[in-house]
There are 2 protein chains.
Amino acid sequence: MSVMPIPQQNHLLAALPAEVQQRLLVNLELIPLPLGMVLYESGDALRHVYFPIDAIVSLLYVMENGASAEISVVGNEGLIGVAVFMGGESTPSRAIVQSAGYAFRLLGKQFKDEVNRHSEMLHLMLRYTQALLTQMAQTAVCNRHHSIDQQLCRWLLLSLDRLSGNQLVMTQELIANMLGVRREGVTEAAGKLQKLGVIEYSRGHIHVLDRCKLEQLSCECYAVVKKETDRLLFYVPAEPRQGQPALR
Amino acid sequence: MSVMPIPQQNHLLAALPAEVQQRLLVNLELIPLPLGMVLYESGDALRHVYFPIDAIVSLLYVMENGASAEISVVGNEGLIGVAVFMGGESTPSRAIVQSAGYAFRLLGKQFKDEVNRHSEMLHLMLRYTQALLTQMAQTAVCNRHHSIDQQLCRWLLLSLDRLSGNQLVMTQELIANMLGVRREGVTEAAGKLQKLGVIEYSRGHIHVLDRCKLEQLSCECYAVVKKETDRLLFYVPAEPRQGQPALR
DNA sequence: CTTCTTGCGTGCGCTAGCGCACAGAGACGG
DNA sequence: CCGTCTCTGTGCGCTAGCGCACGCAAGAAG
């Protein structure tokens with residue numbers, strides 16, 4: 001990040017009415033999110049909501065025995081902390097930084113008040129929440145029916161969509177935690193992809209060489225979630241943004 | 001159903017302010033939900049929202065190859081059709097009746113207008129939606145990490161909580177569809193439970209004999225979802241309902 | 001340049017769950 | 001009472017993924 005991040009780089013913030021943006025701007029706090037930082041733990045009352053700029057945050061469920069599984073992933077298309085306006089104030093999951101970067105944050109209470117004052121803003125947030133819901137549902141299905149190979153492809157694509165460039169900084173161990181599988185399983189799957197010339201990696205750095213191939217090898221889950229997310233967030237009838245094709 | 005169902009048997013309808021109840025009552029339509037009825041298909045625009053009384057409805061994702069997986073389950077604690085007020089108007093899943101019974105339904109537009117007029121009502125619906133979110137997340141985790149035996153226990157408990165009595169009408173084949181596993185897998189798991197004296201079944205009728213044991217044999221997922229659902233929906237500070245222990 | 005740490009590769013035995021095939025047994029209509 | 005359909009039980013070979021153990025090599029630290 002050589003240039004200063006601005007709030008409008010987060011799609012949700014950018015989509016707010018100008019008037020609301022003005023009022024929120026002064027309260028937004030730019031926060032660096034280093035890899036592995038925990039934004040909140042399972043059951044924590046949410047003090048802030050976070051709007052990622054170039055960071056990626058995973059919602060992770062950690063079981064009693066320590067095993068984990070990623071529930072959903074959030075980049076600059078969304079926000080962390082939907083429980084603030086959904087009313088629960090907490091969720092039984094952990095929010096952890098999966099790719100370092102920056103985010104703007106806002107006090108939960110302030111955000112909640114603002115959301116409740118502006119129905120347009122509320123409805124935007126609710127559409128985002130529905131996109132999140134879709135992602136969770138699809139994760140459930142994917143966990144049930146698809147191979148590690150397919151899931152790795154899906155996961156790489158989800159991350160890629162939320163990054164600029166085609167390189168991820170991410171060890172296989174961490175990917176395994178996210179997918180809820182063995183590290184060796186990821187090694188094997190990644191090895192296959194490398195042999196096929198789809199990716200190239202070494203010691204925590206993954207280059208995606210052939211995104212197209214990746215999409216072919218992925219299960220349907222990626223496309224379903226992407227399509228639905230685009231429908232919910234980026235198709236705004238009779239506005240200039242209409243038809244914007246992708247997450248980023 | 002020898003007695004006439006009344007709207008207040010649905011927890012969400014019962015929790016609405018008296019004034020709103022009055023206005024909705026005349027528009028509520030009592031509908032019988034036979035086993036297997038599809039309330040909506042993946043991608044359908046939602047014409048109605050449904051409030052189950054004694055029926056159970058599953059949200060099911062059906063993949064391209066026909067395989068399926070249950071995303072969440074809804075009984076008289078909730079409603080079918082959250083996409084109406086979340087703004088998406090549709091979801092990529094099927095709503096199918098898993099246990100026959102009755103539900104009240106309401107035109108989606110009417111419900112939406114009502115929700116948008118009453119913030120108290122909206123907030124109740126959002127809390128329910130968060131409970132749904134939790135259930136989906138937990139389903140994802142459960143699909144990843146737990147055995148068919150454990151998942152069957154969880155599934156039986158979820159159904160039991162939404163029924164009166166301790167008998168389910170449900171073939172192993174259908175349970176397998178819900179869990180997204182083989183029918184034989186369910187046969188085996190159910191056989192174990194029967195040997196342990198936890199359940200008793202024959203040709204689509206399952207009697208639960210020892211609910212306690214069922215909870216012990218289930219994975220943590222059931223308890224997590226139940227606790228969170230109770231927290232979100234039934235704990236209303238400084239009101240008579242406070243401390244109500246269970247879903248039903 | 002050495003040493004240590006971190007990330008990746010690999011092999012091996014094991015189990016859960018799959019796909020398939022078929023058999024028996026309750027329910028039910030004629 | 002008989003044929004038919006639906007539901008459940010069982011057996012068998014197969015594979016994906018697990019747990020474990022160990023080796024190796026690229027960077028970082030000294």
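By convention in this document, chain letters (A, B, ...) are assigned in the order of the sequence lines, proteins followed by strands, and residues within each chain are numbered from 1.
The side chain to side chain contact (heavy atoms under 4.5 Å, CB included) test applied to Ile6(A) returns Gln8(A), Gln9(A), not counting sequence neighbours. Every residue meeting the side chain to side chain contact (heavy atoms under 4.5 Å, CB included) condition with Val224(B), not counting sequence neighbours, appears here in chain and number order: Tyr61(A), Pro92(A), Gln138(B). Not counting sequence neighbours, the partners of Ala67(B) by the side chain to side chain contact (heavy atoms under 4.5 Å, CB included) test are His145(A), Met63(B), Asn65(B). Lys227(B) meets the salt bridge (Lys or Arg N to Asp or Glu O under 4.0 Å) test with no other residue; sequence neighbours excluded. For Ala137(B), the side chain to side chain contact (heavy atoms under 4.5 Å, CB included) partners at least two apart in sequence or on another chain are Ile71(A), Met136(A). Residues that satisfy the side-chain hydrogen bond (donor to acceptor under 3.5 Å, both in side chains) test with Thr129(B), not counting sequence neighbours, are absent from this structure.
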Counting only pairs under 3.5 Å, give me each side-chain donor-acceptor contact of residues 168-182 of chain B, with atom names and distances, residues two or more places apart or in other chains.
from, atom 1, to, atom 2, distance (Å)
Thr171(B), OG1, Leu174(B), N, 3.2
Gln172(B), OE1, Thr187(B), OG1, 2.6

Side-chain polar contacts of residues 197-209 of chain B - donor-acceptor pairs under 3.5 angstrom, sequence neighbours left out - could you list them?
from, atom 1, to, atom 2, distance (Å)
His205(B), ND1, Gln167(B), NE2, 2.6
His207(B), NE2, Gln167(B), OE1, 3.4

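Distances shorter than 4.0 Å separate some side-chain N or O of Gln172(A) from OP1 or OP2 on dG9(C). Residue Tyr201(B) places none of its side-chain N or O atoms closer than 4.0 Å to OP1 or OP2 of dG26(C).
Where the helix from dC1(C)-dG30(D) to dG30(C)-dC1(D) starts and where it ends, the local axes point in directions that differ by 30°; five pairs per end, rounded to 10°.
For DNA chain C, no neighbouring residue in residues 55-73 of chain B is found when judged by any heavy atom under 4.0 Å.
Between Ile206(B) atom CD1 and dT8(D) atom P the separation is 8 Å, expressed in whole Å. Rounded to whole angstrom, the span from the CD1 atom of Ile175(A) across to the P atom of dC8(C) amounts to 8 Å. Counting to the nearest Å, the C1' atom of dG7(C) and the CG atom of Asn177(A) are 14 Å from each other. In this structure, Glu188(B) atom CD and dT8(D) atom C1' are separated by 13 Å, rounded to whole Å.
With hydrogens and angles disregarded, no donor-acceptor distance shorter than 3.5 Å links the side chain of Asn76(B) to the backbone of Pro52(B). Remark: side-chain polar atoms of Glu77(B) are paired, donor with acceptor, to backbone N or O of Gly75(B) under 3.5 angstrom.
Each of Val225(A), Leu217(A), Leu152(A), Leu214(A) was scored for a side-chain contact (heavy atoms from CB on, under 4.5 Å) with Leu157(A), with one residue passing: Leu214(A).
Between His11(A) and Tyr128(A), the gap from one ring centroid to the other reaches at least 6.0 Å.
For the pair Leu160(B) and Gly165(B), the tightest heavy-atom approach, listed with the atom from each and the gap, is CD1-O, 4.2 Å.
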Would you tabulate the pairs of protein nitrogen or oxygen atoms and nucleotide nitrogen or oxygen atoms of nucleotides 22-28 of chain D closer than 3.5 angstrom?
from, atom 1, to, atom 2, distance (Å)
dA26(D), N3, Arg203(A), NH2, 3.4

Show the distances under 3.5 angstrom between N or O atoms of the protein and N or O atoms of nucleotides 14-20 of chain C.
from, atom 1, to, atom 2, distance (Å)
dG17(C), OP1, Ile148(B), N, 3.1
dC18(C), OP2, Arg182(B), N, 3.4
dG19(C), N7, Arg182(B), NH1, 2.5
dG19(C), O6, Arg182(B), NH1, 3.0
dC20(C), N4, Glu184(B), OE2, 2.6

